Amino acid sequence: MKVDVFVIGAGVAGLTAAVKAAEKGLKVLAAEKGSGATIQSSGVIDVAGYFPPNHLLASASEGVRTIAEKVKNHPYSIIGGGKKAEPERRGQESERKVRRALEFFVEGMKSVGANFMGSLDENVLVTNFVGTFKPTCLCPFTMYNGDLRRLDGSSLVLVGVKGFPDYDPKFCAQSLWDILPRLGIKPKSVSHAYIDVPSLGGRGDILAIEIARKMDDPEVLENIGQSLQKVVGSAEHLAIPTCGVESPEENIKTLAEATGANVFEVASFPPSVPGYRLVKSLEKWAQKSGVSVRRGYKVLGANFDKNVKSLRVEIGRKIVEIEADVYILASGGFLGGGLKEEKDFIRESIFNLPVYSSDGVNLEEVYLEKLLSRKVFPKGGHQLFSCGILVDENLQPLSEKGEPVHSNLYAAGSILSGYNYMAEKSGMGVAIATGYLAGLKASS
Ligand SMILES: Cc1cc2nc3c(=O)[nH]c(=O)nc-3n(C[C@H](O)[C@H](O)[C@H](O)COP(=O)(O)OP(=O)(O)OC[C@H]3O[C@@H](n4cnc5c(N)ncnc54)[C@H](O)[C@@H]3O)c2cc1C
């Protein structure tokens, strides 16, 4: 089998790269062995939420520029021109590229019916399943009206569902009530309520995805609307834990109409319905753009000299060789499978590329435990979450000597070193920006 571009990985980085490469009419295959981090995410697009660590950023554009100016190994720096570029110029160039990549993503999502709202110039504050908050750049339509700044001077009811144990609205209400004043937000009240909807099933251990699927049924949605009417009182805002799989936006609008309140979805943790919806939308976008997306294709290794010639891929019980002109490595970090632990050391799993810490130390002989801080939440995050491979300004993986390893290999997403998505809140931003650029390079 032969294709023009082989993308290893079908997370947000791989599929953004694949769609960009397919724009030029190339035959693109995006193959994944299974799910990675993208499906586990809260489904919101973090670009830059904190920088330096713990400093809340009002705008992601400011964050991207500052990071690109100050942190030389960061992917935002690299796409801005890398070490050779002068810092201010690097910051501007990086911001321009991130902006373009996000526009491409937003348009793509819109084309498959998923509206992502927000702007690179103003972070949104969304709340989550533990009643804290996070700054994010873009979020699904279903969450956008839940920007916490809207709560100032008004009342919010956080709604739980009887029989759904994974969300505790009482705990979240208390937590939000404590946190909001620290953000300068003073709501009139934050309370909680439960709805009991027999048509959701009354087992006591119902999952978010089951509730979401049932909400796509107009009859069940009507029942939920009626239950919400009973708990809304005079509150202006209602927060619900999930809102559907196939028609989440329409469902939110229907519930807002039924209650007369601003209804929004809370950002959830794994297993995350918004993360699942994001992956489904990415797959639809890729397929619509002519990309072949294949699940259950595990890349075992590569045949190469100066160039990568082909990949050995396990498909069910067979092992086949697939050739391409260009390859994009978007295999993720530990969760995706791009990095693996071998006898306490860290390796890149397919090409055996050297792996580096965020400050550029080759991890060939650094024990994994050294990358974990003794503190549970260290300032700046654990080093382990910022290690990965090094690339040049063209996103080509580098050898120990600092030279591109293969002239037809590019990389994107969380396989890259130099950033800590947990501490910075930059996960999808880096993946989309580098995925876009890798797809562009691979197709030019
Ligand atoms: C719990 C959690 C919540 C998060 N929430 C958010 C959030 O709300 N917003 C945000 O911006 N970021 C969030 N992040 C970070 C974000 O999810 C990641 O940065 C982003 O999804 C990385 O995308 P990726 O495409 O690089 O990797 P992944 O999504 O991990 O994709 C890697 C892909 O490579 C494939 N693969 C790996 N090895 C092979 C192989 N040998 N053969 C074939 N395929 C292979 C995998 O199957 C997978 O398809 C979160 C992360 C976690 C863990």
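Remember, it's 1-based here, ligands and their atoms both numbered in the order they're listed. Note that the structure is a prediction, hence the values are computed from the model and not measured. Values reported hereafter were calculated over all heavy atoms of this structure, with side chains retained and with hydrogens, waters and symmetry mates removed.
- The closest non-hydrogen atom to atom 13 (C) of ligand 1, taken over G337, G429, S41, comes from S41.
- At distances below 3.5 Å, not a single donor-acceptor pair connects side-chain atoms of N123 with backbone N or O atoms of P135.
- Nearest protein neighbour of atom 41 (N) of ligand 1, counting heavy atoms only, is V299 O, 3.0 Å.
- Those atoms of ligand 1 that come under 4.0 Å of a heavy atom in K298, given as number and element, are 42 (N).
- Checking side-chain atoms of S349 against main-chain N and O of G337 turns up a donor-acceptor pair under 3.5 Å.
- With S399 contributing its side chain and K401 its backbone, the two residues share a donor-acceptor pair below 3.5 Å.
- Side-chain N or O atoms of S272 include none that pairs as donor or acceptor with a backbone N or O of F269 at under 3.5 Å.
- Regarding atom 49 (O) of ligand 1, its nearest protein heavy-atom neighbour is E32 OE1, 2.5 Å.
- One finds the CG atom of L398 at 9.5 Å from the CG atom of L353 (value rounded to the nearest 0.5 Å).
- Between atom 34 (O) of ligand 1 and the options S331, G49, A17, the minimum heavy-atom separation is to S331.
- Of all the atoms in ligand 1, the ones that sit under 4.0 Å from a non-hydrogen atom of I350 are 40 (C), 41 (N).
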So R96 and E93, salt bridge (charged side-chain N to carboxylate O under 4.0 Å, His left out) or not? Walk me through it.
CA-CA 5 Å; R96 193 180 66 78; E93 186 56 13; 2.7 Å; yes
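- Nearest residue to atom 11 (O) of ligand 1 from R294, M428, K425, K340 is M428 (criterion: closest heavy atom).
- Distances below 4.0 Å separate heavy atoms of A31 from the following atoms of ligand 1: 44 (N).
- Between atom OG1 of residue T434 and atom CG of residue L395 there is a gap of 6.5 Å, rounded to the nearest 0.5 Å.
- The CG atom of L151 sits 7.5 Å away from the CG atom of L176 when rounded to the nearest 0.5 Å.
- Those atoms of ligand 1 that come under 4.0 Å of a heavy atom in L335, given as number and element, are 53 (C).
- In the model, S407 has a side-chain atom that pairs as donor or acceptor with a side-chain atom of N307 under 3.5 Å.
- For K72, the NZ atom sits in a loose shell: 12 or fewer heavy atoms of surrounding residues, nucleotides or ligands are nearer than 6.0 Å.
- In this pair, F105 and W285 present their aromatic rings perpendicular. The plane angle is above 60°, beyond the 30 to 60° band.
- If you check which protein heavy atom lies closest to atom 35 (C) of ligand 1, you get G9 CA, 3.6 Å.
- At a 3.5 angstrom cut-off on N or O pairs, P270 does not count as close to ligand 1.
- Listed by number with element, the atoms of ligand 1 under 4.0 Å from a non-hydrogen atom of A37 are 17 (O), 21 (O), 28 (P), 29 (O), 30 (O).
- Between A13 and ligand 1, an N or O atom pair is found at a separation short of 3.5 Å.
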Take N408 and D325 through the test side chain to side chain donor-acceptor pair (under 3.5 Å) and record every step on the way to the result.
CA-CA 7 Å; N408 61 345; D325 293 330; over 6 Å; no
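- Annotation: D46 places an N or O atom under 3.5 Å from an N or O atom of ligand 1; distance criterion only.
- When the options G34, A330, G36 are ranked by their closest heavy atom to atom 33 (C) of ligand 1, first place goes to A330.
- With values rounded to the nearest 0.5 angstrom, Q396 atom CD is found 11.0 Å from I389 atom CD1.
- Under a 4.0 Å criterion applied to the non-hydrogen atoms of Y297, ligand 1 contributes the atoms 42 (N), 43 (C).
- Residue contacts with ligand 1: G413 is placed with no nitrogen or oxygen under 3.5 Å of a nitrogen or oxygen of the ligand (distance criterion only).
- Considering backbone and side-chain N/O of K33, one or more are found under 3.5 Å from N/O of ligand 1.
- L102 is listed as a side-chain neighbour of C137, based on a closest heavy-atom distance under 4.5 Å.
- Among I415, L15, L329, T38, the residue whose heavy atom sits closest to atom 29 (O) of ligand 1 is T38.
- The protein heavy atom nearest to atom 24 (P) of ligand 1 is S414 OG, 3.7 Å.
- At a 3.5 angstrom cut-off on N or O pairs, K134 counts as close to ligand 1.
- Y421 CE1, 3.5 Å is the protein heavy atom nearest to atom 51 (C) of ligand 1.
- By the 3.5 Å distance cut-off applied to N or O atoms, Y419 is not counted among the residues near ligand 1.
- Ranking the protein heavy atoms by distance from atom 31 (O) of ligand 1 puts G11 CA, 3.7 Å first.
- For ligand 1 and G336, the ligand atoms under 4.0 Å from any heavy atom of the residue are 30 (O), 36 (N), 37 (C), 38 (N), 46 (C).
- To the nearest 0.5 Å, atoms CZ (F116) and SG (C139) are separated by 8.5 Å.
- Counting non-hydrogen atoms of neighbouring residues, nucleotides and ligands closer than 6.0 angstrom, the NZ atom of K2 exceeds 12 such neighbours.
- Looking at V44 next to ligand 1, an N or O pair under 3.5 Å apart turns up.
- The protein atom (non-hydrogen) at minimum distance from atom 2 (C) of ligand 1 is Q40 O, 4.0 Å.
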